[in-house]
**Student:** 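Before I ask anything, here is the structure I am working with.
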Amino acid sequence: MSADPYVYDGTNVLRNRAEIRDPEALAEREQFVSFRALRQMQKEPALGNFDQAHFAAVHKRLFGEIYPWAGETRMVELREPEAALNGRSVAYSPPAAIEQHMTVALASLKREEPGNLKESRPAIRFAQTMAALWQAHPFRKGNTRTLLAFMEQYARHHNQPLDQALINRVPRETRDALVLATRGQIRTFSEMVRNARYSEEQRAHPVLGRLSAEAFEATRLMGAPRIVLPEPGTQVRGQVVGTSYRHALVREARQISAVPLHSFHTMPENNQRVDVRVLAEGERLDRTQSREEAVRIQVTSRVLIPATYLLLAGQGPEDAARNRIEIPGPSDTLAEALQTRAPREIAAEPQLVAEVRRIDQSLIERFGHQGSALLVEGSVGEARSLLPPNQDLAEIRAVLQPLFKAVVADDRLQMALAQQETLGRDEPQLGRSV
């Protein structure tokens, strides 16, 4: 007999209405069901008075289709190792104390209005209440999604709507922020609340209409630069910083150009460098070009390591500035040379070595000399710790290792030239006899 009545005997799979025994299949089904319910709940909120029964009603709306115990207070202790606590677990409420802890936390919502959640103090107060609710963890599964749906509904009820897409964008970071908040480190989570409030208010753009959460966040972290709609026929060259519902936002020298998506042969990706002609409404692309050729023309080069705009708690201005530096990928010509030519041959070609030096300088500005060396030949763990999430270290090293060899070859070449110049100055010169 299992010690956990919520799982099938001899497994860690939660009992569910569909009798799914495969944990991966259950996780996929749960994700689909809860997401669909969340979308529906944004149109038809769960009714209640923002008390414990209301909180339970939100959970049941999200998970009732898949779990028979949805909305019911758990009867077992919970423990889960957290990376943010070096493998230790949050001190979740024991079953006998859940009701009391939730009553105390929810009472603070009754006592006062949330205030302006773009301001620091109201955001901290709100975040503290939500962290206390989360620490109670009243359900066997689905507590974080329930909390985020509940807090968004509460904030919207008090005319302080939050951009839920922004909070849910990186679930691991949101969870880590909640974990730290239960230990009194509230800053990261309260900043998430402030940013979500600001985002929801500012996503209405005078030129583009409502921006996607991704597009708004990209422009916010760039200091809200001017966004323009280029005239049809304009050639736009720059880096894609985000896509909205109908436009790709392309960063040029001093502005962002909103290029209609129908101007591209394929959906542009973040950090691509593009060279694209803006099409008029109703105008269609030239289909006589091969798809491969069109894509090659539009995307001039990819970024090897993108900028990291997320500022971590406690990060200094200098580190933040470094994290905003992107490392350009090699051009097609250099990429081919790195694979097929010797380092000294690359060092002998001025155009190739100039590009090599530009990439190397970007690496040093972003990671420093030591960090750059770690990326190329340090341990896998140390190297990955320097990269943004989801970056393939093997692919990056496949570029950087031959590139660094070309840098070394150029260093040796420059040193040899300098020595020759010095020797030349010291040797007797031929000239007219006196």
Side-chain angles (χ1 to χ4, degrees), residues 237-240 253 269-275 292-293 295-308 318-319 321-388 390-431:
R237 300 176 178 87
Q239 180 196 6
V240 177
E269 298 178 6
N270 287 359
N271 297 316
Q272 281 184 344
R273 291 188 177 278
V274 298
D275 184 349
E292 291 76 11
E293 181 185 2
V295 172
R296 181 182 59 77
I297 291 172
Q298 287 184 355
V299 181
T300 58
S301 71
R302 293 179 184 274
V303 172
L304 184 63
I305 305 176
T308 303
E318 184 177 343
D319 291 331
R322 277 189 169 189
N323 275 343
R324 290 169 182 254
I325 297 171
E326 64 190 17
I327 311 303
S331 65
D332 291 342
T333 304
L334 177 58
E336 182 180 358
L338 291 173
Q339 293 178 6
T340 60
R341 302 174 67 175
R344 64 171 181 259
E345 293 178 315
I346 296 174
E349 284 206 23
Q351 288 184 331
L352 291 180
V353 80
E355 186 179 353
V356 164
R357 286 295 184 181
R358 282 197 297 273
I359 297 174
D360 182 48
Q361 184 59 37
S362 298
L363 281 163
I364 293 169
E365 291 174 356
R366 170 79 173 270
F367 301 107
H369 289 280
Q370 184 177 359
S372 300
L374 281 176
L375 275 177
V376 178
E377 53 193 6
S379 70
V380 171
E382 289 178 312
R384 282 182 176 154
S385 70
L386 297 173
L387 295 174
N390 303 320
Q391 289 289 290
D392 189 322
L393 178 61
E395 288 184 3
I396 290 173
R397 282 187 164 176
V399 174
L400 293 186
Q401 286 174 349
L403 185 137
F404 266 49
K405 290 178 182 177
V407 170
V408 171
D410 185 50
D411 285 342
R412 289 173 178 167
L413 177 61
Q414 297 304 319
M415 187 179 299
L417 292 173
Q419 289 174 344
Q420 289 176 11
E421 185 179 348
T422 300
L423 289 172
R425 284 199 301 267
D426 292 340
E427 289 176 354
Q429 301 292 312
L430 293 177

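Remember, it's a predicted structure, so these values are computed and weren't measured experimentally. Along the sequence shown, residues are numbered consecutively beginning with 1.
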**Student:** Not counting sequence neighbours, which residues clear salt bridge (charged side-chain N to carboxylate O under 4.0 Å, His left out) with Arg237? List them please.
**Tutor:**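 Arg237: salt bridge (charged side-chain N to carboxylate O under 4.0 Å, His left out) contacts with Asp275.
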
**Student:** State, to 0.1 Å, how close Pro343 and Lys405 come at their nearest heavy-atom pair, and which atoms those are.
**Tutor:**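 Between these two residues, the closest heavy atoms are CB-O, 3.5 Å.
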
**Student:** Are the side chain of Glu355 and the backbone N or O of Pro330 linked by a donor-acceptor pair below 3.5 Å?
**Tutor:**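 Looks like no, no N/O pair under 3.5 Å.
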
**Student:** Taking only residues two or more places apart in sequence or in another chain, which ones pass side chain to side chain contact (heavy atoms under 4.5 Å, CB included) with Ser385?
**Tutor:**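 For Ser385 there are no side chain to side chain contact (heavy atoms under 4.5 Å, CB included) partners, ignoring immediate neighbours.
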
**Student:** I'd like to know if Arg357 pairs up with Asp411 as an ion pair, taking the criterion as any Lys NZ or Arg NE/NH1/NH2 lying under 4.0 Å from an Asp or Glu carboxylate oxygen.
**Tutor:**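 Yes, this pair counts.
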
**Student:** Using side-chain heavy atoms (C-beta onward) and a distance below 4.5 Å, is Ile305 in contact with Glu326?
**Tutor:**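 Side-chain contact under 4.5 Å: no.
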
**Student:** After noting the C-alpha distance and the side-chain angles of Ile359 and Val399, does the key distance pass the side-chain contact (heavy atoms from CB on, under 4.5 Å) rule?
**Tutor:** CA-CA 11 Å; Ile359 297 174; Val399 174; 5.9 Å; no

**Student:** Given 3.5 Å as the limit, does a donor-acceptor pair link the side chain of Arg397 with the main chain of Leu375, or not?
**Tutor:**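 Confirmed, Arg397 side chain pairs with Leu375 backbone.
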
**Student:** Grab the two heavy atoms, one from Leu386 and one from Phe367, that are nearest each other, plus how far apart they are.
**Tutor:**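 For Leu386 versus Phe367, the nearest heavy atoms are O-CE2, 3.3 Å.
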
**Student:** Could you grab the distance from atom OG of Ser372 to atom CD of Gln361, nearest 0.5 Å is fine?
**Tutor:**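 Rounded to the nearest 0.5 Å, the OG-CD separation comes out at 9.5 Å.
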
**Student:** Is a side-chain donor or acceptor of Ser362 paired with a backbone partner of Ile327 at a separation under 3.5 angstrom?
**Tutor:**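 Side chain of Ser362 to backbone of Ile327, a donor-acceptor pair under 3.5 Å: no, none is there.
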
**Student:** Would you mind listing every salt bridge (charged side-chain N to carboxylate O under 4.0 Å, His left out) that reaches into residues 335-349, with sequence neighbours excluded?
**Tutor:**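 Qualifying pairs, neighbours excluded: Arg341-Glu349.
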
**Student:** Which atoms form the tightest heavy-atom contact between Ala383 and Leu374, and what is the distance?
**Tutor:**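 Minimum heavy-atom separation between Ala383 and Leu374: CB-O, 3.7 Å.
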
**Student:** In the structure I gave you, are the side-chain heavy atoms of Ile396 and Asp392 within less than 4.5 Å of one another anywhere?
**Tutor:**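 The answer is no, as the side chains (C-beta and beyond) never meet within the 4.5 Å cut-off.
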
**Student:** Gln401 side chain to Val376 main-chain N or O, any donor-acceptor pair under 3.5 Å?
**Tutor:**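 Checking the backbone N and O of Val376 against the side chain of Gln401, a donor-acceptor pair under 3.5 Å is found.
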
**Student:** Do you know the tightest heavy-atom contact between Ile346 and Val356?
**Tutor:**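 The answer is CG2-CG2, 4.1 Å.
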
